[in-house]
Amino acid sequence: MFKEIFENVKTKGILVHNITNYVTVNDCANIILAIGASPVMADEKEEVCEITSIASGLNINIGTLNKNTIESMFLAAKKANELDKPVLLDPVGAGASKLRTNTAKDLISKRKISVIRGNLSEIRAIMESESNTRGVDADIEDVINYDNLEERVAFAKECARKTKAIIAITGQIDIVASDKKAYCIYNGVKEMSRITGTGCQLSAMTTAFLAANKDNQLEAVAVSVMTMGLAGEIAFKRLSNMDGNASFRNYIIDAVYNMTPEILEEGARYEVR
Amino acid sequence: MFKEIFENVKTKGILVHNITNYVTVNDCANIILAIGASPVMADEKEEVCEITSIASGLNINIGTLNKNTIESMFLAAKKANELDKPVLLDPVGAGASKLRTNTAKDLISKRKISVIRGNLSEIRAIMESESNTRGVDADIEDVINYDNLEERVAFAKECARKTKAIIAITGQIDIVASDKKAYCIYNGVKEMSRITGTGCQLSAMTTAFLAANKDNQLEAVAVSVMTMGLAGEIAFKRLSNMDGNASFRNYIIDAVYNMTPEILEEGARYEVR
Amino acid sequence: MFKEIFENVKTKGILVHNITNYVTVNDCANIILAIGASPVMADEKEEVCEITSIASGLNINIGTLNKNTIESMFLAAKKANELDKPVLLDPVGAGASKLRTNTAKDLISKRKISVIRGNLSEIRAIMESESNTRGVDADIEDVINYDNLEERVAFAKECARKTKAIIAITGQIDIVASDKKAYCIYNGVKEMSRITGTGCQLSAMTTAFLAANKDNQLEAVAVSVMTMGLAGEIAFKRLSNMDGNASFRNYIIDAVYNMTPEILEEGARYEVR
């Protein structure tokens, strides 16, 4: 499946409209360029509908949301829905404030979201009936490991059924699930969590995969997650003993830039459940 | 011409006030420091006039404009005009939304702009009498190559005449033109377009060159464009087979940091038309 | 003193809430992760109190302040005061605009600030009874060197007495002072000023040290300043002749990532006055 999904991103002239946080936005732009697509960032409500109209897909990331950009998120997502363009939601910090939790929930209930990507704590927060304020990182109990994988997969499929979106939960093991089928992905290294925004970058890149593969969305998201994880492994091997998280960040984007379907075919580690 | 123009940037204590997008702002700050000037970023309308007053020049980039920052752009440009400080406009995405096209056009008609720097599609968009929504990257027909160079140069000179600004159109070949004279610059590598913000960085750096060489503006802009292109060539040669656009980004800024008039004298490739 | 202070940052699960500028925010996030803590950025007034409540400390940086974020700074600092969480203020550009000077002064007079970190010009600006607009970088006379150190130390202690905060003035020599005791720190290299945001990064990291060492704040701030300076020295030695400020930036964060109490014990150069 890798070859076609991958080449589609590189050859279709994909433009990703990002309404995203100002912390990791530069890395998001560079990873979209690394994979062969183009980024555009625009969050003023007066222009977001026009920008979404010329884009291939919309990436909404609530990492530094504010009242103005929230309005823009809803407007842009509405336009994307009208034009049948895929929308990815990254509910950064859902559970950490009511504003984040409620914005994410409202976007899911009032707009058609194609993919929701977050850590387990964030996904839990948006599935709960009440808004509980919790942390911003995945809770300590919210790990995904081999022992609880069956239960986590069932949860992901249930989320997919309830939200009508593909659910991508990233953690020690990543799960990409529709209501019926789940990819469990074993790529990646734990040190990636010591870099700010690897999740944001994955969401941005995934929107490109999604927009380039509208008829094969579950696989497109899975391949994007594998690409990020494998790039993390390649970059980690490249680290010298003087390197730290800043160089690691650069090396991951570099590895995405140099990724090929062949490298991916050989390095991807996953199973379908 | 290189030596004096270059040394002026390094020795005059140049401070560039940037009202710019949040995507590439960090790279803009670092490239201004790399060339030997100092950056300040400020976009709140209550303070922009004071900041422009202490700065040597103003760089306006509409990459992630919003209603508040648009107001600040007009206020700061007015103050710069009053104090006779140079203003550079980077009309990022003009043509992609009416808000961008109209903001750029209004700034040009209501304020004195010293230099407009963009790709050919952006420059076309702001020269058209109507606002047509198009893409964010240069249109496929909007290339500059040896076959159409004469025509492109004539267009640039006409833009310069109409806007009373120096026009810098960057592409496969770069053109820096007044109404009477144009530098055609052959430096740079095409892979620079795989990095976010090389255009924004060039605009930021060019404002420093401009402010340091107020009596020699056309040449100052041309030298800045050559510096960026040559830095791109030097950085590209430095790339290992594991490097990609993230390392390339760093290497370009590094190459600007290490640039000298001598390297530039030897590496600059241009002709005057 | 290094070992315990250092390990506390790494082991206590410290979360730093940053209301900071969009220029250097990514580097601030990565240096907080490099030292072993976690960052969260949030500046919308509707959520800042909740975010401060779950955080261990608050870092306020006025580098690109605007009306909305100023309101958020006051709200978040109030909540931090109520919950007895440390607040660090980085008065970026105080003296360059009345808005910056007054915002910094108001925060100091209306909220309890644990630490103020800036260059000498910024600290002077907030200590003056009148608001004079000056530059954004340290004034040429505002150097700290061996000849004027005694006088600078006395000034820092006086600031500490008046503001009831620990004062960290960074420059050629860094001074970290309470009203009674001052650390004079000789680490660092002057080329660090050619990178945007080394000051912002220090403030972000210092908030993590502070939150992890609430009973030993003066020493915690001093160790943070030494860590940054020593990381700068280590990174500077690593530079090849093709490297410039972009690579230097990455290497400093890398060096923080690889810092240990042992390296610090050996490399820290300071005296107590």
Side-chain angles (χ1 to χ4, degrees), chain A residues 20-30 41 43 61-71 92-103 121 131-140 191-198 200-201 239-251, chain C residues 13 15-56 64 66 68-69 72 201 204 231 234-235 237-239 246-259:
Chain A
T20 189
N21 69 74
Y22 57 80
V23 185
T24 64
V25 59
N26 187 270
D27 294 329
C28 289
N30 272 329
M41 276 66 182
D43 63 16
N61 176 308
I62 65 169
T64 53
L65 81 182
N66 64 45
K67 276 182 190 171
N68 293 326
T69 55
I70 291 170
E71 208 178 331
V92 180
S97 78
K98 288 192 185 61
L99 186 68
R100 288 172 191 243
T101 312
N102 292 339
T103 299
S121 297
S131 289
N132 298 311
T133 294
R134 311 194 304 187
V136 285
D137 285 313
D139 268 25
I140 207 101
E191 287 80 3
M192 295 171 77
S193 65
R194 295 285 299 276
I195 303 168
T196 191
T198 45
C200 304
Q201 290 175 47
L239 293 173
S240 78
N241 65 344
M242 299 204 81
D243 286 331
N245 58 336
S247 291
F248 191 22
R249 180 261 304 266
N250 292 316
Y251 295 168
Chain C
L15 177 67
V16 177
H17 177 195
N18 300 273
I19 302 181
T20 187
N21 70 73
Y22 57 79
V23 185
T24 64
V25 58
N26 186 269
D27 294 329
C28 289
N30 272 328
I31 206 163
I32 288 172
L33 286 159
I35 200 64
S38 295
V40 55
M41 278 66 182
D43 62 17
E44 163 59 41
K45 66 180 174 185
E46 264 197 45
E47 69 162 354
V48 287
C49 291
E50 279 172 276
I51 300 293
T52 296
S53 300
I54 58 168
S56 323
T64 53
N66 65 45
N68 293 325
T69 55
S72 297
Q201 290 174 47
I234 293 169
K237 286 198 198 109
R238 189 181 166 189
L239 292 174
S247 291
F248 191 22
R249 179 259 306 264
N250 293 316
Y251 295 167
I252 291 175
I253 298 175
D254 285 351
V256 170
Y257 189 92
N258 291 312
M259 189 66 67

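In what follows, chains are A, B, ... by sequence order, proteins preceding strands, each numbered from 1. Just the heavy atoms: all of them, side chains too, but no hydrogens, waters or symmetry mates, feed the values below.
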**For chain A, the option from C:Val256, C:Asp43, C:Val25 that forms the most heavy-atom pairs under 4.5 Å** = C:Val25
**Message:** Name the residue from C:Thr52, C:Ile54, C:Leu15 that meets the side-chain contact (heavy atoms from CB on, under 4.5 Å) definition with C:Val40.
**Reply:** C:Leu15
**Asked** Of the non-hydrogen atoms in C:Tyr257 and A:Asp243, which two are nearest, and what is the gap between them?
**Response** CD2-O, 4.5 Å
**Part of A:Ser193 lying under 4.5 Å from any heavy atom of chain C** = backbone
**Complete:** Heavy-atom nearest pair, A:Gln201 first then A:Asp27, reads NE2-CB, 3.5 Å
**Prompt:** Is C:Asn250 close to A:Asn250 at the side-chain level, that is, under 4.5 Å between some pair of heavy atoms?
**Reply:** yes
**Item:** Heavy-atom pair of closest approach, residues A:Arg100 and C:Met41
**Value:** NH2-O, 3.3 Å
**Portion of C:Ser53 that has a non-hydrogen atom of chain A nearer than 4.5 angstrom** = neither
**Request:** Could you tell me which portion of A:Asn26 (side chain, backbone, both or neither) has an atom closer than 4.5 angstrom to a non-hydrogen atom of chain C?
**Result:** neither
**Request:** Identify the heavy atoms of C:Ala204 and C:Asn18 that sit nearest to each other, and give their distance.
**Result:** CB-OD1, 4.0 Å
**Asked** Can you tell if the side chain of C:Glu46 reaches within under 4.5 Å of the side chain of A:Lys98, non-hydrogen atoms only?
**Response** no
**Prompt:** Of the backbone (N, CA, C, O) and the side chain (C-beta and beyond), which part of A:Asn241 lies under 4.5 Å from a heavy atom of chain C, both, or neither?
**Reply:** backbone
**Fill in**
Applying a strict 4.5 Å limit to non-hydrogen atoms, the region of C:Asn258 in contact with chain A is side chain
**Item:** A:Gly95 to A:Thr101 - nearest heavy-atom pair and separation
**Value:** N-OG1, 2.9 Å
**Item:** Heavy-atom contacts under 4.5 Å, residues 28-35 of chain C to chain A
**Value:** C:Ala29, C:Asn30, C:Leu33, C:Ala34
**Asked** Side chain, backbone, both or neither: which part of A:Ser240 has an atom under 4.5 Å from a heavy atom of chain C?
**Response** side chain
**Complete:** Closest non-hydrogen atoms of A:Gly244 and A:Leu239, given as atom of the first, atom of the second and distance, are O-CD2, 4.2 Å
